[in-house]
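For reference, the structure is listed below as structure tokens.
Note on naming: letters A, B, ... go to the chains in the order of the sequence lines (proteins, then strands), and numbering restarts at 1 for each one.
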Amino acid sequence: MTSNDAAQCRLTSSQQKAVSHIDGPLLVLAGPGSGKTRVITFRIAALIDHGVPPRNICAITFTNKAAEQMRQRAAALGASAGAHISTFHSLCVRLLRRYGAAAGIKPNFSIYDDADQSKCIKAAVRDCQLDTANFPPSRMLAAVSTLKNKLIAPEAFKSRTNDFFGEALARVYARYQRILADLNALDFDDLLMKAAFMLEENPNIAAQLADRFRYLLIDEYQDTNHAQYRIARSLAAAHHNICATGDPDQSIYRWRGADIRNILAFEEDYPDALIVKLEENFRSTPNILEIADNLIAHNKHRKPKRLVPTLPNGHAVAVTAFEDEYEEARGLARTISDLIDAGVAPTDIAVFYRVNAMSRIVEEAFIRARIPYQIVRGVEFYNRKEIRDVLAYLKLIANPADEVALLRIINTPARGIGKTTLDRLANYASRHGIPLHNAVARAAEIEALPKAAALKVATFAALIDKFRASAEGPVGPLVELVFNESGLYDSLRALGPDGRDAIENVEELANSAAGYDGRTEEPSLVDFLQQIALFSDADAYDPSKGQVALMTLHAAKGLEFDNAFIIGLEEGLLPHERTDADDEHDLEEERRLLFVGITRAKSRLHISYARYRTIRGQMLRSVPSQFLFELGIPESALPSDDDDDDDFDADSFDTTRGRGAGSNARRDKAAGLSEGFSGPITRGGEQPSDVAPFTPGRKVRHPHFGHGTIRKLINLGPDSIIEVRFNTGQTKSLLLKYAHLEPL
DNA sequence: CATAGCCGCCTTTTT
DNA sequence: GGCGGCTATG
């Protein structure tokens, strides 16, 4: 059977339409669970069946994991060999390595992560003689990142800004880019920006690529940013064979520059585009789809769309209230244990939460309940000190100009090269106008350096040179060599039992390098380093381990599970307090995030919140999330304030009863519920105080400070504290009973 | 020059 | 609560 036969006999008519449209632009608007991934892989197979050589196909996915899966699925159809399947960032790394010379980029560039970037931006702020108090590095970095995502280069930004902050930012931005260039380093955003500019400024390169990648497929298009949009536009300009797939309702990366207009305006960019809508849902039961539908209907900035169920009714969705986060975790562990005892495979269970910090308590409960679990957090491994140390050696070996790496390890493990010596080296370097690593190489010639210090520096330089001599070829042996001969192993060994984990971690790194060597045709240190720099949390998920998966809602994107648990449905957590209560776009994104979580569930969905949660060491009363009241769940089926639930099953209900009710009715009901929940809160027979009009998001007036928006309410009965952001820009915490706030 | 201990800062989501 | 950076001390 050819892949096309397979497509013909098993795809729905809209899916077939998407698969068999060969030439020209195609937009696949695919709701959750609509079989989008299948459509893409079948489409790749169909292109090949149609005579397109695989190497002329380029598919872009959102994560490396998704790319790997797509490669496997395509291979199963006999269609993958030679097709390029990767993320935008990986593609850009390859393009910059291959063609970067045209943009002054050397192929062995380092990729800088947050920590590296932070060091560079601090140096840039300092170089510009600005105060880090008024110009916090994190702010500056965020601003620079936003500019890069919009493809605004330093010069362009400088000429278009005229206010005080903008001018300072322009100088910092330019200086930061200079520093990165000197260190032969690119940050994450540079990968996209430099690639986009390279394509636009070098028509010959774009032409070569258009010839190579004659068919372009881009998944999760709703989460592309402007830089990615421009790259896609360049790649497809010559042939318009671009197929974008995505779902505006699942756009959850606005905060990092994703621009939903890219998908909404696809038809304007490509007027001859065929639009295919995949609206049927083959994943979830109607019970689950209905609450997802009800929730997302509250977003105003969207085209109305319904999820069309294809499966029979299943388990009722459960909403449960717990006393605090410990009870919630215990209840979770109990319910999951029961499921596993009943024969459910742990792999078919997942727990989603808004912030990573929430994983710890769940983890502790799972350990006690002996539930096998994995926390899907890939980058954590690479953030360990010992791993960063080894990687710094490797980066310095691959890229001598990488001063951040150099400074990290020149005295790690301690080899007697202290601050004074470094100052003298830096001094020499700046007087001679040479980079620091050249000064290090010339230590013996530096008069300001005492003999003993010069010897230590020279010994270090010789060590790195020795490593460099073995840097060709497979990476695994190099990691071992570096670990053993740098002194890192000995220093960890000297720690005794305390160093054991660290040693094991480095050995795991060596294993992963060996694994890389095994699956790569021409392994190289530069390629290995660039690949692991792009490793993401979601990439760490391994379904074959037979474990319950714990992950953030963001990491859950693209996955599906028979049984899903979403915890912490509380104001301040989901929606998160850092989202601007005034900005309805921010709020809508939080709602989409929950929508994504809900629609991961195939059969059972459990939602929970805790009445009290410890925040920064303090146990505080929490307010149930406004989203709970938007699910269209009858009030009688939601936990009430004095329920003492201890199990997820306690408050299950049947959503199918509510089907057909008008959305207005639902909204009214939700509003009624909302007041009931955020109203007076009693605990242990305490006298209720009237905090009902003071929920986060509401507008108020203060006799002195004027109008403002409530950010947070810490409900302590008569001593409730309220945090208000006033229109003057300042945020104040006030004792509610003295504040004389007037609800508006 | 190294280390320990303390202080103060930040604290969402991630390629 | 956790981490990075700074200071004081050995």
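- A heavy-atom distance below 4.5 Å is not found between the side chains of A:R94 and A:R98.
- When the P atom is used for both C:dG4 and B:dT13, the distance is 16 Å, rounded to whole Å.
- Spacing between atom OH of A:Y253 and atom P of B:dT13 amounts to 11 Å, rounded to whole angstrom units.
- Between the side-chain ring of A:W255 and the base of B:dT13, a stacking contact exists by the 5.5 Å and 30° definition.
- Within the 4.0 angstrom heavy-atom criterion, no nucleotide atom of any strand lies near A:F88.
- For A:V355, the side-chain atoms get nearest to B:dT12 when compared with the rest of B:dT14, B:dT12, B:dT15.
- Remark: A:S536 is in phosphate contact with B:dT15, judged by side-chain N or O atoms under 4.0 Å from OP1 or OP2.
- Considering only side-chain N and O atoms, A:N149 lies nowhere under 4.0 angstrom from the phosphate OP1 or OP2 of B:dT15.
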Give each protein N/O atom lying under 3.5 Å from an N/O atom of nucleotides 8-10 of chain C, with the pair distance.
none

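- We find that CD of A:E590 is positioned 12 Å from P of B:dT12, with the value rounded to whole Å.
- When rounded to the nearest whole Å, the span between NZ of A:K148 and P of B:dT15 equals 18 Å.
- In this view, A:E560 and A:R283 satisfy the side-chain hydrogen bond (donor to acceptor under 3.5 Å, both in side chains) rule, not counting sequence neighbours.
- Look at CD on A:E364: it is 13 Å from C1' on C:dG1, rounded to the nearest Å.
- For the OP1/OP2 pair of B:dT12 and a distance below 4.0 Å, the side-chain nitrogens and oxygens of A:N356 include no atom meeting the criterion.
- Partners of A:D542 under the side chain to side chain contact (heavy atoms under 4.5 Å, CB included) rule, at least two apart in sequence or in another chain, are A:Q374, A:S544, A:K545.
- When the shell of 6.0 Å around CZ of A:R384 is examined, it contains more than 12 heavy atoms from other residues, nucleotides or ligands.
- Residues A:A439 and A:A429 come closest through the heavy atom pair CB-CB, 4.0 Å.
- Under the side chain to side chain contact (heavy atoms under 4.5 Å, CB included) criterion, A:A185 pairs with A:S110, A:Y112, A:L180, A:L183, not counting sequence neighbours.
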Could you list, one pair per line, each protein nitrogen or oxygen that sits under 3.5 Å from a nitrogen or oxygen of nucleotides 1-9 of chain B, together with the distance?
unit_1	atom_1	unit_2	atom_2	d
B:dC1	OP1	A:T421	OG1	2.6
B:dC1	OP2	A:T420	N	3.4
B:dC1	OP2	A:T420	OG1	2.7
B:dA2	OP1	A:N411	ND2	3.4
B:dA2	OP1	A:G416	N	2.9
B:dA2	OP2	A:N411	ND2	3.3

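- Regarding contacts with the backbone of B:dT14, a side-chain N or O of A:T552 is found under 4.0 angstrom from either OP1 or OP2.
- A cation-pi arrangement is absent between A:R592 and A:F595, since the terminal nitrogen or guanidinium carbon is not both under 6.0 Å from the aromatic centre and inside a 45° cone about the axis.
- Nearest to the side chain of A:K122, among B:dT15, C:dG5, B:dT12, sits C:dG5.
- In this view, A:F88 satisfies the ring pair (Phe, Tyr, Trp, His ring centres under 6.0 Å) rule with no residue, not counting sequence neighbours.
- The two residues A:I152 and A:Y173 come nearest to each other via the heavy atoms O-OH, 2.8 Å.
- Ring-to-base geometry places A:H576 in a stacked arrangement with B:dT12 (centre distance under 5.5 Å, plane angle under 30°).
- As a whole-Å value, the separation of A:R94 CZ from B:dT15 P is 20 Å.
- Distances shorter than 4.0 Å separate some side-chain N or O of A:R360 from OP1 or OP2 on C:dG1.
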